[in-house]
Trainee: 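First, the structure itself, so that you have it in front of you.
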Amino acid sequence: MTELMDGRMTAKKVEDDLKIKIGLLRERGKRTPQLTVVLVGDHPASLSYVAGKDKACQRIGMNSEVLRLPRTISQTELIKVVQRLNDDSQVDGILVQLPLPAELDPQEVVRAIDPSKDVDGLHPINVGLMHMQLKGFEPCTPRGILRLLDEYQIPLQGKDIVVIGRSNLVGRPVAQLLLNRNATVTVCHSKTADLQRYTRAADVVVVAIGRPHFLRKEHVSSKCVVIDVGINRLENGKLTGDADFDALNGYVSHITPVPGGVGPMTIAMLLENTMDAYYAHEALREV
Ligand code: GUN
């Protein structure tokens, strides 16, 4: 029997908790936390992600603002927008939706965000803090993966964990968070010579490479926990992950479905990070 790891249910628990906290703030006449998302252009997947974040804020009573900027905006103008949000005391969290149009430099834009408002955990300060096991904002998808593993009481300490993919958004940070939890982590990627050598021995495989049905039964053992980060749109319009779900379901120990696995956790962690940013900002105002 394979246990499905239900991201919708786990994300709802997080959202319910945040909704209560925001309700209490309201009752006490406090300011409401706010997330501002900056969306440049009209990349179709980005439009859908941003709409999902906006809806989630509404569900829990968090203020949500989406700034839609033309795809022709200059780097200087975009950085000015970010600086204005840095200075706005109503704004707790800033997220610049990626990818940006090719003419813009995402690294420079992310670096312009005040690290105390970087609820995406992508600013080099927050990346560095995570690497040093110090408190900062952790990227939402990696944090969501760890929360889901904890919810299903998957042990991490001393376990062999393989991460497939080495992106700044998922592969690298999730490997770091797992290492911080005393797992033995191997990061595999497109140049890895013999992927199966690593994955077959793994207790947990996190696959984040953006290739539909990439991870198959022959890659893993039956004791494996499979975390599928892929969101691939097939030609028939169906969403599918990076794992061959139908083949692995019934064989492995645990697997995350797509949709309904890691995706909802990413949004829940964004809300949680924004709430943490709010508490930090309010605490500073009180001194
Ligand atoms: N685009 C896809 N995933 C993400 C994410 O986690 N953060 C941002 N800013 N953009 C994304």
Side-chain angles (χ1 to χ4, degrees), residues 7 11 14 34-57 64-69 71 73 75 78-79 81-82 85-86 91-102 104-115 117-127 130 136-148 163 165-177 206-211 227-233 239 241-242 256 258-259 261-274 276-277:
V14 175
Q34 177 169 325
L35 171 68
T36 297
V37 174
V38 178
L39 175 62
V40 181
D42 49 11
H43 188 268
S46 293
L47 282 169
S48 135
Y49 294 148
V50 168
K53 289 165 191 163
D54 191 34
K55 270 195 222 148
C57 286
S64 164
E65 177 188 37
V66 179
L67 294 182
R68 288 199 60 177
L69 304 173
R71 73 173 312 295
I73 192 168
Q75 181 83 6
L78 179 55
I79 285 179
V81 170
V82 169
L85 296 173
N86 287 343
V91 176
D92 296 292
I94 304 170
L95 180 146
V96 177
Q97 184 66 33
L98 303 174
L100 290 173
L104 300 173
D105 173 3
Q107 282 308 321
E108 199 195 354
V109 176
V110 167
R111 222 173 279 200
I113 300 173
D114 177 341
K117 298 191 176 189
D118 170 39
V119 288
D120 231 1
L122 299 180
H123 190 288
I125 291 269
N126 284 315
V127 176
M130 178 180 64
F137 289 112
E138 296 167 356
C140 303
T141 300
R143 185 167 151 95
I145 291 169
L146 268 89
R147 185 65 63 86
L148 201 51
V163 176
R166 52 176 159 175
S167 69
N168 288 333
L169 222 45
V170 182
R172 285 169 202 264
V174 79
Q176 189 63 49
L177 291 181
V206 179
V207 59
I209 52 164
R211 283 204 238 159
I227 304 292
D228 187 350
V229 189
I231 307 179
N232 307 292
R233 179 92 47 197
L239 271 191
D242 291 349
T256 59
V258 177
V262 173
M265 294 305 298
T266 297
I267 293 188
M269 295 300 104
L270 176 66
L271 302 174
E272 204 173 72
N273 278 351
T274 306
D276 286 348

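Positions are given from 1, in the same order as the sequence printed here. Whatever order the structure lists ligands and atoms in, that order sets their numbers, starting from 1. Quick caveat: nothing in here was measured; it's all calculated off a predicted structure.
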Trainee: Mind running side chain to side chain donor-acceptor pair (under 3.5 Å) on Glu272 and Thr274 for me, showing each step along the way?
Mentor: CA-CA 5 Å; Glu272 204 173 72; Thr274 306; over 6 Å; no
Trainee: With His123, which residues qualify under side chain to side chain donor-acceptor pair (under 3.5 Å), at least two apart?
Mentor: none
Trainee: Is the closest side-chain heavy-atom distance between Leu85 and Val38 below 4.5 Å?
Mentor: yes
Trainee: Only counting residues at least two apart or in another chain, list the ones meeting side chain to side chain donor-acceptor pair (under 3.5 Å) with Thr141.
Mentor: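 Partners of Thr141 under the side chain to side chain donor-acceptor pair (under 3.5 Å) test: Thr266.
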Trainee: If every non-hydrogen atom of Pro106 is compared with every non-hydrogen atom of Leu98, which pair is closest and at what distance?
Mentor: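 Scanning both residues, the minimum pair turns out to be CB-CD2, 4.1 Å.
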Trainee: Under the salt bridge (charged side-chain N to carboxylate O under 4.0 Å, His left out) rule, collect the residues that match up with Asp228, sequence neighbours excluded.
Mentor: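 Listed in chain order: nothing, the list is empty.
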Trainee: Enumerate the pairs of nitrogen or oxygen atoms, one from ligand 1 and one from the protein, separated by less than 3.5 angstrom; state names and distance to 0.1 Å.
Mentor:
residue	atom	partner	partner atom	Å
ligand 1	1 (N)	Gln97	NE2	3.1
ligand 1	1 (N)	Leu98	O	2.9
ligand 1	7 (N)	Asp120	OD1	3.2
ligand 1	7 (N)	Asp120	OD2	3.0
ligand 1	9 (N)	Val96	O	2.8
ligand 1	9 (N)	Asp120	OD2	2.5
ligand 1	10 (N)	Leu98	N	3.0

